[in-house]
Amino acid sequence: MAMVGLFWIAEGDVYVGAKPSGLAPGVRLTPEGVVALGDRQSGLWPWDDVRALTVNDVPVKSLRRQAGALLEMALAAASWPDEAPTMTVSIETVDKDAELTAYAAVAWYSQEEYDLSLTLLSHLAAGEATLRATLAAMAQWGRAQEDGSPRAAEREGLLREWIEVSRLP
């Protein structure tokens, strides 16, 4: 399992936010579409129907967050995942829009990873090149990853690589 940007990649599965456990809410990206997981949300939105896919309420690193990061992490560790930060995954479709909840995989994301992740999501929703090839590249990387999440520079590089894959004809 590894986190790259807003994505959690585990055993070939790609999630927006943390991989849900039990009845916890989550969002999975599959070759068929966007899947809502959890106790209070369900559904499948086929990629052909998805017009836009964005993530809001994302904890993005700021100077204030950096100053209080250790305290926040210590407090969150005592209650994780019950008090883990959540994100809103917004799906715009031809017929009806939806908002799903997913837990953030980390206490905060860098602005660069957040921006690159949104770019990748917009390419997937637009059907640029082949979203299946992009998801396959992400899943293949996840299956081969054994050492957990890479460092920030490598995560950003992977996001850029996947964005390029999504642009290929």
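Just so you know, residue 1 is the first one in the sequence shown, and it goes up from there. Below, each value reflects all heavy atoms present in this structure, side chains not excepted, and no hydrogens, waters or symmetry copies. Remember, it's a predicted structure, so these values are computed and weren't measured experimentally.
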**OP:** Could you tell me the separation between the CG atom of L37 and the CG atom of L44, rounded to the nearest 0.5 Å?
**Re:** 10.5 Å
**OP:** Kindly write out the residues that satisfy side chain to side chain contact (heavy atoms under 4.5 Å, CB included) with Q140, not counting sequence neighbours, or none if the list is empty.
**Re:** R143
Original post:
Is there a side-chain contact between Y103 and P85 (heavy atoms, below 4.5 Å)?
Top reply: no
**OP:** Determine, step by step, whether T86 and D57 satisfy the side-chain contact (heavy atoms from CB on, under 4.5 Å) criterion, reporting the C-alpha distance in whole Å, the side-chain angles of both residues, the deciding distance to 0.1 Å, and the verdict.
**Re:** CA-CA 7 Å; T86 60; D57 308 320; over 6 Å; no
Subject >> Heavy-atom donor-acceptor pair, W47 side chain to T30 backbone, under 3.5 Å >> reply: yes
Original post:
What residues form a salt bridge (charged side-chain N to carboxylate O under 4.0 Å, His left out) with R160, not counting sequence neighbours?
Top reply: E112
Subject >> Heavy-atom closest contact (G17 atom, A105 atom, distance) >> reply: C-CB, 4.2 Å
Original post:
Given the rule in the side-chain contact (heavy atoms from CB on, under 4.5 Å) test, do F7 and L121 qualify, once you have shown the distances and angles that lead to the verdict?
Top reply: CA-CA 10 Å; F7 307 100; L121 286 169; 3.8 Å; yes
**OP:** Using a 4.5 Å cut-off on heavy atoms from C-beta on, say whether the side chain of E113 contacts that of E156.
**Re:** yes
Original post:
Ignoring hydrogens and geometry, is there a side-chain-to-backbone donor-acceptor pair from Y114 to W108 under 3.5 Å?
Top reply: no
Subject >> Test log, rule side-chain contact (heavy atoms from CB on, under 4.5 Å), inputs L29 and M138 >> reply: CA-CA 11 Å; L29 305 178; M138 295 170 78; 5.7 Å; no
**OP:** Write down the atom of L6, the atom of M87, and the distance for their closest heavy-atom approach.
**Re:** CD2-SD, 4.2 Å
**OP:** Could you tell me the separation between the CG atom of L120 and the OG atom of S166, rounded to the nearest 0.5 Å?
**Re:** 6.0 Å
**OP:** Indicate whether the side chain of D49 and that of T93 have a donor and an acceptor atom separated by less than 3.5 Å.
**Re:** no
Subject >> Minimum heavy-atom distance between L131 and P31, given as atom pair plus value >> reply: CD1-O, 4.1 Å
Subject >> Separation of R155 CZ from L116 CG (nearest 0.5 Å) >> reply: 11.5 Å
Subject >> Nearest atoms (heavy-atom pairs only) where A125 meets L53 >> reply: CB-N, 3.8 Å
Original post:
Between CD1 of I91 and NZ of K96, what distance do you get to the nearest 0.5 Å?
Top reply: 11.5 Å
Original post:
Between A98 and W45, what is the shortest heavy-atom contact and its length?
Top reply: CB-CZ2, 3.6 Å
**OP:** Check whether any side-chain N or O of R51 sits under 3.5 Å from a backbone N or O of V94 as a donor-acceptor pair, and report yes or no.
**Re:** no
**OP:** For Q145 and I9, run side-chain contact (heavy atoms from CB on, under 4.5 Å): C-alpha distance rounded to whole Å, both residues' side-chain angles, the deciding distance at 0.1 Å, then the answer.
**Re:** CA-CA 9 Å; Q145 183 67 15; I9 305 169; over 6 Å; no
Original post:
Is there side-chain contact between L158 and P150, with at least one heavy-atom pair below 4.5 Å?
Top reply: yes
**OP:** Return the minimal non-hydrogen interatomic distance between P59 and A107, and the atom names on each side.
**Re:** CB-O, 3.3 Å
Original post:
For G5, does its backbone N or O pair with a side-chain atom of S117 as donor and acceptor, under 3.5 Å?
Top reply: no
Subject >> Inter-residue atom distance T134.OG1 - E161.CD, 0.5 Å rounding >> reply: 10.5 Å
